[in-house]
Amino acid sequence: MSSADRICTGGPIVTVDANHPNPNVAAAVTRKSRTGRVLAPEERISVEDALAAQTVNPARHLFAENIAGSITPGKCADLVVLERDPRATAPDGWPAIGVHVTHLAGNPTNQA
């Protein structure tokens with residue numbers, strides 16, 4: 001199987017807070033540890049692949065992509081709204097991106 005055929009989901013390569021996955025997503029793109037050491041740089045993935053590894057891909061692995069994993073009418077409205085777009089921020093700055101609001105089943109459960 002080629003790497004293009006694989007679907008990646010996010011797993012910790014750095015210690016992260018389960019409610020704040022940004023450091024993990026950044027580490028997947030930069031391959032930097034908390035100390036700044038680069039680990040296996042040849043295994044870096046794109047920003048889009050890193051975001052998918054935390055969103056739509058886990059839903060696919062759970063065979064739940066018809067109800068979760070993306071913002072689509074009819075799906076569960078479980079989502080996190082970040083303070084900034086990570087695609088417009090350098091990956092090294094992602095750990096500092098705060099959570100604006102968290103929704104569970106469409107209802108705000110945590111607001112900054």
Side-chain angles (χ1 to χ4, degrees):
M1 174 183 288
S2 75
S3 62
D5 297 328
R6 296 183 190 137
I7 298 174
C8 177
T9 56
I13 58 174
V14 296
T15 303
V16 295
D17 176 346
N19 296 317
H20 202 279
N22 292 341
N24 194 41
V25 177
V29 173
T30 65
R31 300 297 299 170
K32 287 184 184 177
S33 70
R34 288 188 309 167
T35 63
R37 180 175 169 221
V38 176
L39 307 168
E42 69 279 4
E43 294 187 13
R44 289 180 176 126
I45 63 175
S46 71
V47 170
E48 292 302 321
D49 285 346
L51 294 172
Q54 296 290 325
T55 56
V56 68
N57 292 352
R60 287 182 186 150
H61 281 168
L62 294 170
F63 303 101
E65 64 269 27
N66 59 331
I67 61 165
S70 62
I71 302 171
T72 305
K75 291 188 177 182
C76 297
D78 299 342
L79 60 108
V80 174
V81 179
L82 302 175
E83 292 176 344
R84 293 191 313 270
D85 183 350
R87 294 169 298 181
T89 305
D92 285 339
W94 289 357
I97 297 175
V99 173
H100 177 68
V101 64
T102 303
H103 288 266
L104 182 61
N107 299 307
T109 59
N110 179 28
Q111 288 189 286

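It should be emphasised that the depicted structure is a prediction, and the values quoted were computed from it without experimental measurement.
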S.K.: Not counting sequence neighbours, which residues clear side-chain hydrogen bond (donor to acceptor under 3.5 Å, both in side chains) with Thr35? List them please.
M.R.: Ser33

S.K.: Side-chain heavy atoms nearer than 4.5 Å, only ILVMFWY residues, links allowed to pass through others: does that put Val29 and Leu82 together?
M.R.: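 Shared cluster, yes.
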
S.K.: Looking at CZ of Arg44 and CG of Asp49, how far apart are the two atoms once the value is rounded to the nearest 0.5 Å?
M.R.: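 Interatomic distance, Arg44 CZ to Asp49 CG, rounded to 0.5 Å: 14.5 Å.
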
S.K.: With the 4.5 Å side-chain cut-off for hydrophobic clustering, are Val47 and Val25 part of the same group?
M.R.: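 Yes.
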
S.K.: Going by atom type alone, with no hydrogens or angles, which donor-acceptor pairs under 3.5 Å involve a side-chain atom of residues 62-73 and a protein atom two or more places apart or on another chain?
M.R.:
{"unit_1": "Ser70", "atom_1": "OG", "unit_2": "Thr72", "atom_2": "OG1", "d": "3.0"}
{"unit_1": "Ser70", "atom_1": "OG", "unit_2": "Lys75", "atom_2": "NZ", "d": "2.6"}

S.K.: Can you name the salt bridge (charged side-chain N to carboxylate O under 4.0 Å, His left out) partners of Glu43, sequence neighbours left out?
M.R.: Arg31

S.K.: Quick one: closest heavy-atom pair of Ala52 and Pro58, and the distance?
M.R.: O-CD, 3.7 Å

S.K.: For Arg37, give me all partners under side-chain hydrogen bond (donor to acceptor under 3.5 Å, both in side chains), at least two apart in sequence or on another chain.
M.R.: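 Not a single residue meets the side-chain hydrogen bond (donor to acceptor under 3.5 Å, both in side chains) criterion with Arg37.
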
S.K.: Using the rule side-chain contact (heavy atoms from CB on, under 4.5 Å), only one of Thr102, Asp78, Val101 pairs with Thr109; which is it?
M.R.: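 Result: among Thr102, Asp78, Val101, Thr102 is the only option passing the side-chain contact (heavy atoms from CB on, under 4.5 Å) with Thr109.
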
S.K.: What residue pairs, at least two apart or across chains, pass salt bridge (charged side-chain N to carboxylate O under 4.0 Å, His left out) with a residue in residues 87-109?
M.R.: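 As it turns out, the salt bridge (charged side-chain N to carboxylate O under 4.0 Å, His left out) pairs with a partner in residues 87-109, which skip direct neighbours, are Lys32-Asp92, Asp85-Arg87.
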
S.K.: Does a side-chain heavy-atom distance below 4.5 Å link Val81 with Val99?
M.R.: no

S.K.: Search all heavy atoms of Ala26 against all heavy atoms of Pro91 and return the closest pair with its distance.
M.R.: CB-O, 3.2 Å

S.K.: Within the 4.5 Å heavy-atom criterion, are Glu83 and Thr89 side-chain neighbours or not?
M.R.: no

S.K.: Are any of the side-chain heavy atoms of Pro86 and Ile97 separated by less than 4.5 Å?
M.R.: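 Pro86 reaches Ile97 side chain to side chain.
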
